[in-house]
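Accompanying notes for the structure given below.
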Amino acid sequence: MAQTTYVTGTGPFGLAVADVNNDSKPDIIVANIGNATISVFLNIDNGTFTAQTTYSIGTWPVGVAVLDVNNDSQPDIIVSHRYAHNVRILLNIGNGTFTTQTTYSTDGDPYSVVINDVNNDNKFDIIVPNSLSNNVGVLLGIDNGTFAAQTTYLTGLTPFDVAVVDVNNDGNPDIIAPNHGSNYVSVLFNTGNGTFTSKTIYVTDSGQYGVAVVDVNNDTNPDIIVTNSGNCNVGVLLNTGNGTFTAQTTYSVGTHPLNVVVLDVNNDGKPDIIVVNYLSHNVGVLLNTGNGKFSAQTTYATGTQPRDLVVIDVNNDGKPDIIVTNEEGNTVSVLLAC
């Protein structure tokens with residue numbers, strides 16, 4: 001994979017890729033924790049991007065998601081702020097530029113952010129892992145891109161990431177949160193109206209960080225994939241069919257793996273694991289060999305201390321590309337698939 005880098009703000013952290021200016025080409029959005037900005041890189045063509053346009057935002061932006069939250073067909077930016085204990089919404093005014101933000105309070109240290117309709121009212125809701133408060137916050141969408149005050153649900157210690165996926169096949173998206181300080185993953189079932197049960201836990205290795213929930217063994221049941229940063233591996237917990245999970249199988253990766261994506265990168269119909277190895281300064285790709293088992297990783301160099309990643313076709317060649325934020329390098333890397 002050939003790597004191209006683009007200069008960001010200081011300390012690029014969270015990452016999203018979405019078409020924000022309606023030209024049918026995916027653009028890059030980065031949260032810069034060091035200088036409290038959002039960078040927007042518009043896709044020119046063939047997977048090349050403009051220099052960043054920046055938007056000042058509140059302190060410690062870490063997580064970022066991009067989705068149309070006010071139903072005007074323009075994707076908006078949603079940002080979680082680590083030590084400011086809030087999330088902010090930047091509305092898209094129609095050409096990939098954004099308005100000043102609206103702020104909603106959370107609990108302590110909302111480390112990432114996910115958008116999903118959890119109460120089936122056709123309005124998007126905000127879900128954040130509040131890592132200092134050891135819970136997840138759910139902010140239900142009201143209308144026109146506004147949100148209710150959060151309701152919180154206890155997890156284990158220090159949830160850094162969250163996935164929102166229906167794991168028990170009842171039509172309601174559930175919450176899956178890895179708990180960095182507890183060495184287990186919490187599963188909270190949706191009761192059907194956007195409220196959630198107490199957690200069910202599954203033991204993993206140490207220092208859980210990122211999570212993806214995808215069916216990796218082709219049985220139509222979403223499985224859990226977590227990064228165990230303390231043990232330099234990823235754990236795969238297979239869904240037995242009703243939202244319960246087997247003990248993890250682990251696969252070695254690089255040093256201090258953080259975020260993870262699960263997607264078919266070699267077009268064989270089987271989803272593969274892609275992980276950022278923060279202290280190895282690379283991404284690892286583990287190909288799915290069938291039945292939810294994976295090969296040893298192949299690595300690709302990035303910039304210094306890669307933090308977050310997205311896997312998406314940015315140059316319209318039908319092959320998924322890898323985009324990574326490099327926290328210490330103050331860059332974003334685009335690795336185009338060959």
Note, [X] side chain near [Y] side chain (heavy atom, < 4.5 Å):
| X | Y | value |
| --- | --- | --- |
| I38 | N32 | no |
| L335 | D321 | no |
| V185 | N179 | no |
| I89 | Q101 | no |

Practice task
Flag this pair as yes if the NZ/CZ of R88 is under 6.0 angstrom from the six-membered ring centre of Y104 and inside a 45 degree cone about the axis; otherwise no.
Solution key: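 Verdict for Y104: no cation-pi partner in R88.
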Practice task
Begin with the C-alpha distance, continue with both residues' side-chain angles, and end with the deciding distance and a verdict on side chain to side chain contact (heavy atoms under 4.5 Å, CB included) for V332 and I28.
Solution key: CA-CA 9 Å; V332 60; I28 296 172; 4.3 Å; yes
Exercise for the section: Is it possible for you to say whether L258 and V260 belong to one hydrophobic cluster, with membership spreading through side-chain heavy-atom contacts below 4.5 Å? Expected result: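 Different clusters.
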Handout entry: With F147, the side chain to side chain contact (heavy atoms under 4.5 Å, CB included) member among V69, L140, V87
Key =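 Option passing the side chain to side chain contact (heavy atoms under 4.5 Å, CB included) with F147: V69.
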Handout entry: Y111: which of H81, H180, R82 passes side chain to side chain contact (heavy atoms under 4.5 Å, CB included)
Key = R82
Problem - Whether Y202 and F245 hold their rings parallel, tilted or perpendicular, with breakpoints at 30° and 60° - result: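 Geometry flag for F245 against Y202: perpendicular rings.
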Exercise for the section: May I ask you to decide if the ring planes of F160 and Y209 are parallel, tilted or perpendicular, using 30° and 60° as cut-offs? Expected result: tilted
Handout entry: Audit row: D205, Q248, side-chain hydrogen bond (donor to acceptor under 3.5 Å, both in side chains) steps and yes/no
Key = CA-CA 9 Å; D205 283 358; Q248 69 170 355; 3.0 Å; yes
Exercise for the section: Classify the side-chain pair N242/N169 by whether it contains a donor and acceptor separated by less than 3.5 Å. Expected result: no
Handout entry: Between T146 and N144: side-chain donor-acceptor atoms closer than 3.5 Å
Key =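 No, because no side-chain N or O of T146 sits under 3.5 Å from a partner of the opposite role on N144.
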Problem - CA sep, side-chain torsions, deciding dist, call: N228, T250, side-chain hydrogen bond (donor to acceptor under 3.5 Å, both in side chains) - result: CA-CA 9 Å; N228 298 307; T250 60; over 6 Å; no
